[in-house]
Amino acid sequence: MPANLPQALGFLIGFWLAIVLLTPIGARGDTPREGPAREASTGFSGGPGAGLSGDISGLGPLEAELAQTVSAWRQNRNLVALVRVPALDAVARNHSADMARRGFFSHDTPEGANPVDRIHAGGVSHFSLAGENVGMTSRSNPNAEIFQGWLASPDHHDNLVAPAFNATGVGIARRADGALFYTQVYVTFPR
């Protein structure tokens, strides 16, 4: 119990900081919903690219490079390594392709589906937390721009540094005009 006004103010500031710093783990609009996720999108239930017209062909090397960049960055900060899961790759690709095909850019689909909805629709279960980063670019070095943008955005950065995440999926799709849509899904599976 604080004995004087400076101690009480210190306690309140510390309490406020704890709430702000823990918010990415459980409250903001782009953080966990209904036990699992962080921001949303589609809800496709087919395999990778099922029924989508956003071009996902030939983008595997970019996806692998981004996954490697994020993993190396996390490892340099002593964070848990993210294991790439093919089913999560499919969820991420479907969302990127959906954004490219239908011309929206959001974590939520026009129908309001969120990452938890899309992850479940992709057949992934038994996770305790999920998050998502999205990006769009037409630049010549797309991965660098996307990654730097995520680092500069507080909400996206929160996903990159969330200690609980231990699995990921990456998906990139190309719109007809050449713009690239990025999605990286983050998930916590029990250990």
Side-chain angles (χ1 to χ4, degrees), residues 20 22-46 48-54 56 59 62-63 66-67 69-70 73-74 82 84-85 87-125 127-138 142-143 145-162 164-175 179-189:
V20 168
L22 293 177
T23 297
I25 300 174
R28 267 201 295 267
D30 105 321
T31 47
R33 298 179 190 194
E34 71 158 60
R38 285 195 185 190
E39 276 282 273
S41 260
T42 333
F44 285 97
S45 57
L52 300 175
S53 60
I56 59 173
L59 297 171
L62 272 180
E63 293 172 349
L66 181 66
T69 298
V70 170
W73 187 85
R74 284 178 59 92
L82 297 175
R84 241 177 121 184
V85 176
L88 293 174
D89 283 343
V91 169
R93 283 185 193 116
N94 282 341
H95 184 54
S96 291
D98 188 33
M99 288 189 293
R101 179 178 57 87
R102 295 201 292 164
F104 72 95
F105 179 66
S106 175
H107 292 286
D108 296 315
T109 62
E111 298 78 24
N114 66 45
V116 172
D117 298 329
R118 293 183 292 102
I119 292 168
H120 284 176
V124 178
S125 58
F127 58 94
S128 59
L129 183 69
E132 175 181 85
N133 283 352
V134 297
M136 182 181 75
T137 183
S138 296
N143 280 359
E145 181 187 7
I146 292 298
F147 185 64
Q148 290 305 315
W150 289 349
L151 290 175
S153 162
D155 291 336
H156 292 94
H157 185 269
D158 288 347
N159 284 336
L160 290 169
V161 299
F165 291 143
N166 57 18
T168 192
V170 177
I172 303 172
R174 185 181 330 272
R175 191 168 57 192
L180 295 174
F181 288 76
Y182 281 68
T183 303
Q184 183 166 21
V185 177
Y186 309 90
V187 170
T188 302
F189 288 114

Between Asn166 (side chain) and Leu82 (backbone), is there a donor-acceptor pair under 3.5 Å?
no
Taking the six-membered ring for Trp, are Phe165 and Tyr186 parallel (under 30°), tilted (30 to 60°) or perpendicular (over 60°)?
parallel
Nearest 0.5 Å, what's the CG-NE2 distance between Leu151 and His157?
6.0 Å
Ser106 side chain reached by Val134 side chain, heavy atoms, under 4.5 Å
no
Across all chains, not counting sequence neighbours, the side-chain contact (heavy atoms from CB on, under 4.5 Å) partners of Leu88 are Val85, Ile119, Val124, Ala167, Val185, Val187, Phe189
Check whether Asn159 reaches the backbone of Glu132 with its side chain - one donor and one acceptor, N or O, closer than 3.5 Å.
yes
How close do Leu59 and Ala173 get, heavy atom to heavy atom, and via which atoms?
CD1-CA, 3.8 Å
Whether Arg175 side chain and Arg101 backbone form a donor-acceptor pair below 3.5 Å
no
A side-chain contact here means heavy atoms from C-beta on lying under 4.5 Å apart; do Asn94 and Val91 qualify?
no
For Thr69, the side-chain contact (heavy atoms from CB on, under 4.5 Å) test, sequence neighbours excluded, returns Glu65, Phe147
Heavy-atom pair with the smallest gap, counting every atom of Gly112 and Asp117
O-OD2, 4.2 Å
Output, in order, the C-alpha distance, side-chain angles, deciding distance and verdict of side-chain contact (heavy atoms from CB on, under 4.5 Å) for Asp158 and Trp150.
CA-CA 9 Å; Asp158 288 347; Trp150 289 349; over 6 Å; no
Less than 4.5 Å apart, side chain to side chain, heavy atoms only: is that true for Leu180 and Met136?
no
Report the C-alpha separation of Leu160 and Arg74 in whole Å, then their side-chain angles, then the decisive distance to 0.1 Å, and conclude whether the side-chain contact (heavy atoms from CB on, under 4.5 Å) test is met.
CA-CA 7 Å; Leu160 290 169; Arg74 284 178 59 92; 5.6 Å; no
What distance do Gln184 atom CD and Asp89 atom CG have between them, rounded to the nearest 0.5 Å?
9.5 Å
Could you pull out all residues at least two apart from Thr188 that satisfy side-chain hydrogen bond (donor to acceptor under 3.5 Å, both in side chains)?
none
Partners of Tyr182 by side-chain hydrogen bond (donor to acceptor under 3.5 Å, both in side chains), sequence neighbours excluded?
Asn143
Smallest separation among heavy atoms of Ala92 and Gly169, with atom names:
CB-O, 3.7 Å
Quick one: does Ser96's side chain have a donor or acceptor within less than 3.5 Å of a partner on Phe181's backbone?
yes
The side-chain hydrogen bond (donor to acceptor under 3.5 Å, both in side chains) partners of Ser153 (sequence neighbours excluded) come to His156
Show your reasoning for whether side-chain contact (heavy atoms from CB on, under 4.5 Å) applies to Thr183 and Arg93.
CA-CA 7 Å; Thr183 303; Arg93 283 185 193 116; over 6 Å; no
Hey, does Arg102 have a side-chain heavy atom less than 4.5 Å from the side chain of Pro110?
yes
